[in-house]
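Let me begin by presenting the structure, written as structure tokens, before commenting on it.
Atoms considered below: every heavy atom in the structure, side chains included; atoms not considered: hydrogens, waters and symmetry mates. Counting starts at 1 for both ligands and their atoms, following the listed order.
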Amino acid sequence: MKVLAMEGVFVASGDDVYHLNTLSRLLLQGRISPGVMLATTPQFVGSAMHLGQWFQSQSEDTTAFMMANGGHSPYASTSLDLEFNSLFNQTMAADSRFAADLVVGDCGEVLKGIGSLVDVAGGTGTMARAIAKAFPHIKCSVLDLPQVIQGISPADNNNNVQFIAGDMMEFIPPAHGILLKVILLLSIAACIN
Ligand SMILES: C[S@@+](CC[C@H](N)C(=O)[O-])C[C@H]1O[C@@H](n2cnc3c(N)ncnc32)[C@H](O)[C@@H]1O
């Protein structure tokens, strides 16, 4: 708690007494809390515990995460562990809720003239739903891995948002616009690994 207080996550007031501040209040809200839960899963905490071993390893085809998780990448792990998959998807959706307001508000200009859009690796579709709601003339689709798309209710597949299970390395549905949010860097890392 002392370290967290020094980092500005809590306010220390007296011996072993701590108060919430703006940051810790945010962490408790639904918008961010799944991320805190994800960061503290054995999968991710275990990765931190393997950093030293990974730094010293000569192998180029492994990561600290893989070392801690039986050789599985994060996305292999989401396909194997339902709870981890659900937490991962909730975290991505929470992050997207922040960005969605910005994209449909201040950045709406970018979407001008676009009639269809595919959110590649778009998770559970938070961003695509927000775009389709704000710009009903844009037909949106969301491509993501089967373990993510299988959690989408059939009722959520409608005229304005279509969900497609697949591997973006093999196929990207055609559309006027392609949205890649928090994905390229991770994909490059996955290819290298
Ligand atoms: C960091 S999350 C970003 C999700 C979303 N774009 C967002 O910003 O919230 C990465 C997403 O990429 C998906 N993903 C990873 N590899 C993929 C692949 N080969 N094909 C399709 N989706 C993939 C994951 O399932 C996950 O939903």
Is [X] close to ligand 1, meaning an N/O of one under 3.5 Å from an N/O of the other?
| X | value |
| --- | --- |
| Lys181 | yes |
| Ser96 | yes |
| Met168 | yes |
| Ala121 | yes |

Judged by non-hydrogen atoms, does Ala93 sit under 4.0 Å from ligand 1?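 Ala93 does not count as a contact of ligand 1 under the 4.0 Å cut-off.
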Is there a side-chain contact between [X] and [Y] in this structure, where contact means two heavy atoms from C-beta onward sitting under 4.5 Å apart?
| X | Y | value |
| --- | --- | --- |
| Phe65 | Ser77 | yes |
| Val148 | Met92 | no |
| Gln150 | Phe163 | no |
| Phe84 | Leu38 | yes |

Please list all pairs meeting salt bridge (charged side-chain N to carboxylate O under 4.0 Å, His left out) that have one or both residues in residues 77-87, counting only residues at least two apart or in different chains.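 Sorted pair list comes back empty.
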Taking 4.0 angstrom as the limit and counting only heavy atoms of [X], give me the atoms of ligand 1 inside it, by number and element.
| X | result |
| --- | --- |
| Gly123 | 27 (O) |
| Val148 | 25 (O) |
| Gly166 | 20 (N), 21 (C) |
| Asp167 | 18 (C), 19 (N), 20 (N) |

Residues 112-139, side-chain donor-acceptor partners within the protein, below 3.5 Å, at least two apart:
| from | atom 1 | to | atom 2 | distance (Å) |
| --- | --- | --- | --- | --- |
| Ser116 | OG | His176 | N | 3.0 |
| Arg129 | NH1 | Asp156 | OD2 | 3.1 |
| Arg129 | NH2 | Thr124 | O | 2.5 |

CD1 of Ile149 to CG of Asp144: how many Å apart, nearest 0.5 Å?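 It comes to 5.0 Å.
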What part of Ile183 sits under 4.0 Å from ligand 1 if we count only heavy atoms: the side chain, the backbone, both or neither?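 For Ile183, only side-chain atoms sit under 4.0 Å from ligand 1.
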At under 4.0 Å between heavy atoms, is it the side chain or the backbone of Leu145 that contacts ligand 1, or both, or neither?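 Leu145 to ligand 1: contacts from backbone and side chain alike.
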With no hydrogens and no angle check, just 3.5 Å: does a side-chain donor-acceptor pair link Ser47 and Gln43?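 No - no donor-acceptor pair under 3.5 Å links their side chains.
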